Amino acid sequence: MTACQFKSFVAGPFSILTMSDAQRLILVDPAGQGNSVLAGRLRMQGYTVAEVADPAEGARMALVDPPAAVVADLWMPGISGVQLCRLLKAEPGTETVPVILRGPDGQRNRFWAERARATAYVVKGRMGDLVRAIARAIATAAPNDGFFTQLGGDASALRDRIAAHLDAALFESVIASEVRALGVCGAFDRLFDLFSQLVSQITTYRWLAISTHFPARFGLHASPNTQELAVQEARVALALGEKAPTVLVEDEDASNASAGSSAVVMPIRLGNADLGSIALAPGTGEDQLEVEHLVAVLAREIAGPIRIASLVEESQRLATIDPLTGLMNRRAYLESLDIEVARASRYGHPLTGLLLDLDHFKAINDGHGHGSGDAVLSAVGLLLAGQGRKGDLVARWGGEEFVMTLHATDLAGAKIVGDRVRHVIAELRVDAPSGERIPITASIGVAAF
C-alpha cells in the first residue's frame, strides 16, 4: 500500500487517520439538499464532492477522513462556518485543510472569516471565484504528515468540542481586554500592581515578575513569607543583574509555597521591539500547558500597556528635566519647593536655599563659543547633582544660574555646603576646543526659611 493510499484505522474510541484523495471536497450546503448547482460545477472541474446539509456531519466527515478542502457557508443554522473553521483549525488532523467560506458581500463578513483563519472568503453566487479560490487553496496548502489521532464522537460531541473552543477563545478575549485596559495606568509601578491583582485571580502562582529593558525595571509580586526566595528565583529566571530598580508588591494573593514547578518565561514584544520578559512560577497543582498558554497571552497583551506607561513616564520626565544639565527645570523645582516649605512649616524643620551664579559666563561664550558654554553648564549640572543629599533639591534656575534646597539644614550648615560647592566648581576642569582649560568659578547666595 503506497503513501497516497493510506486510509483510516479504528482502534477503540480513537481513529488513526491518514491522507485522502487530493481532489476530494466536502461541501457543507444547508440549502443544497444534496443536489446543488455548485456541487455539479465542482464535479465538472474533476473534484469528488461529498455534499452535506448538516454542518455537524460535515465536521465529522472532515475529522474522520480529511479532504483536500472544505467549503461552507459563513452563516448556517446550528453551527456557523466560523465555528466549523475554528474547530478544524484546532484539530491536529485538519489544521492544514483549507476552509473556504462563502456568504454575502461585506467587510464584517470578511473580517469574521479572516479571524476564523479561513483560507478564503468568496461572495455567494460567484462560482467562478469559488472554483479559482479552491484551486489556489489546494495548490498552496501545507502538506499533511499523513497520520494523526482523532477522538471519536457523534454530532453532539462535536458541538461540545466547538463550544469548548469558543469558551477558550472567549476566556482569552476577556483576559486580553482586562490587560489592555491597564494601558491607562501611566506609570509602571501602578501598572504592575494592578496587573498582579488581575493575574492572581486567574491562576495560582508563587511569584509573578516582569522585567523591561528601556528603562531597566523589575516588578515582582510574591507573598511576604517567601519574598527573598522569590526575588532570587525571579532574577535568575529573567537573567537580571542587581541594578534594575525594583517594584515589589507583597500580599497574600501570591501562594506561600516555597517550592513548585519551574517558572514559565516568555518574551514581551511589541511588533519587532523586544520590551522585556514576563515570568510566572506556578503554584502546586497548576497544569503546566495551561500556564504556558496563559503566560503567552499575558506576554502578548501586556506589551501595549508597558509601552504606553514608558512613554507617559518619559514625557513626564522630559517635562521636568533640563535637557542640558539633567537637573530639574525651574517649573519642577518650584513645585517641589512648595512641598518642602509646607513640610518645614508643619514640622518646624530648618530649610535653606542656595542660589549659584557662574561668574563671567558671557565671557566663556564669547571667548570659546557657545558649545564650550554648554559643556560648562553640563559639567556643573553633573557636579551639583552629586553634591546634594537624598531629599535635597538641585535644579537649573535659568541661564547660568542654579539652585539647591537643603532640607533639615540651618543657615550655618548651608554656608558650609555653599563653600564646599564653590571650591569643587573651581577645581572642575572643562577644556575648550583649543585644549585650553576654561576657568570656572561661582558666586553663591544663601538664605534660610
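Just so it is clear, the structure is predicted and the values come from calculations on it, not from any experiment.
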Can you tell if the side chain of [X] reaches within under 4.5 Å of the side chain of [Y], non-hydrogen atoms only?
X: Pro67; Y: Val97; result: yes
X: Thr203; Y: Glu290; result: no
X: His349; Y: His407; result: no
X: Val446; Y: Val417; result: no
X: Thr246; Y: Arg235; result: yes
X: Phe449; Y: Thr405; result: no
X: Ile306; Y: Ile210; result: yes
X: Gln288; Y: Val264; result: yes

Least distance between heavy atoms, [X] atom then [Y] atom:
X: Gly399; Y: Leu377; answer: O-CD2, 3.8 Å
X: Leu240; Y: Ser211; answer: CD2-CB, 3.8 Å
X: Ala116; Y: Cys85; answer: O-SG, 3.1 Å
X: Asn329; Y: Ala332; answer: OD1-N, 2.9 Å
X: Pro77; Y: Pro55; answer: O-CG, 3.9 Å
X: Leu406; Y: Leu351; answer: O-CD1, 3.6 Å

Got a second to check how far [X]'s [atom1] is from [Y]'s [atom2], nearest 0.5 Å?
X: Leu393; Y: Glu340; atom1: CG; atom2: CD; result: 5.0 Å
X: Leu384; Y: Arg396; atom1: CG; atom2: CZ; result: 12.0 Å
X: Ile134; Y: Asp129; atom1: CD1; atom2: CG; result: 11.0 Å
X: Phe402; Y: Asp322; atom1: CZ; atom2: CG; result: 7.5 Å
X: Leu356; Y: Arg422; atom1: CG; atom2: CZ; result: 11.0 Å
X: Glu401; Y: Leu358; atom1: CD; atom2: CG; result: 9.0 Å

Quiz prompt | Candidate pair Ile175 and Glu301, rule side-chain contact (heavy atoms from CB on, under 4.5 Å), full reasoning | solution = CA-CA 9 Å; Ile175 293 175; Glu301 300 302 335; 5.9 Å; no
Got a sec: does the [atom1] of [X] have more than 12 other heavy atoms crowding it under 6.0 Å?
X: Arg307; atom1: CZ; result: no
X: Lys89; atom1: NZ; result: yes
X: Arg437; atom1: CZ; result: yes
X: Arg126; atom1: CZ; result: no
X: His213; atom1: NE2; result: yes
X: Glu252; atom1: CD; result: yes
X: Arg389; atom1: CZ; result: yes

Donor-acceptor contact below 3.5 Å, side chain [X] vs main chain [Y]:
X: Ser177; Y: Ser173; value: no
X: Asn225; Y: Asn256; value: no
X: Ser277; Y: Leu238; value: no
X: Thr140; Y: Arg136; value: yes
X: Asp73; Y: Trp75; value: no
X: Thr320; Y: Gln316; value: yes
X: Asp359; Y: Ala442; value: yes
X: Gln201; Y: Gln197; value: yes
X: Thr119; Y: Val99; value: yes
X: Ser80; Y: Gln83; value: yes

Practice problem: Could you check Leu101 against Trp112 for side-chain contact (heavy atoms from CB on, under 4.5 Å), going step by step and ending with a plain yes or no? | Solution: CA-CA 10 Å; Leu101 297 178; Trp112 278 113; over 6 Å; no
Exercise. Give a yes or no on whether the ring-centroid distance for Tyr205 and His221 is below 6.0 angstrom.
Key: yes
Quiz item: Run the side-chain contact (heavy atoms from CB on, under 4.5 Å) check on Asp105 and Arg110 step by step: do they pass?
Solution: CA-CA 8 Å; Asp105 195 9; Arg110 296 181 186 280; 3.3 Å; yes
Quiz item: Under 4.0 Å between a Lys/Arg side-chain N and an Asp/Glu carboxylate O for Arg317 and Glu313?
Solution: no
Exercise. State plainly whether the residues Asp193 and Arg190 are in salt-bridge range, i.e. N to O under 4.0 Å.
Key: no
Quiz item: Once the angle between the rings of Phe192 and Phe195 is folded into 0 to 90°, is it parallel (under 30°), tilted (30 to 60°) or perpendicular (over 60°)?
Solution: tilted
Quiz prompt | Test side-chain contact (heavy atoms from CB on, under 4.5 Å) applied to Leu208 and Ile278, step by step | solution = CA-CA 8 Å; Leu208 169 70; Ile278 179 174; 4.2 Å; yes
Practice problem: Decide whether Arg217 and Ser310 meet the rule of one side-chain donor and one side-chain acceptor closer than 3.5 Å. | Solution: yes
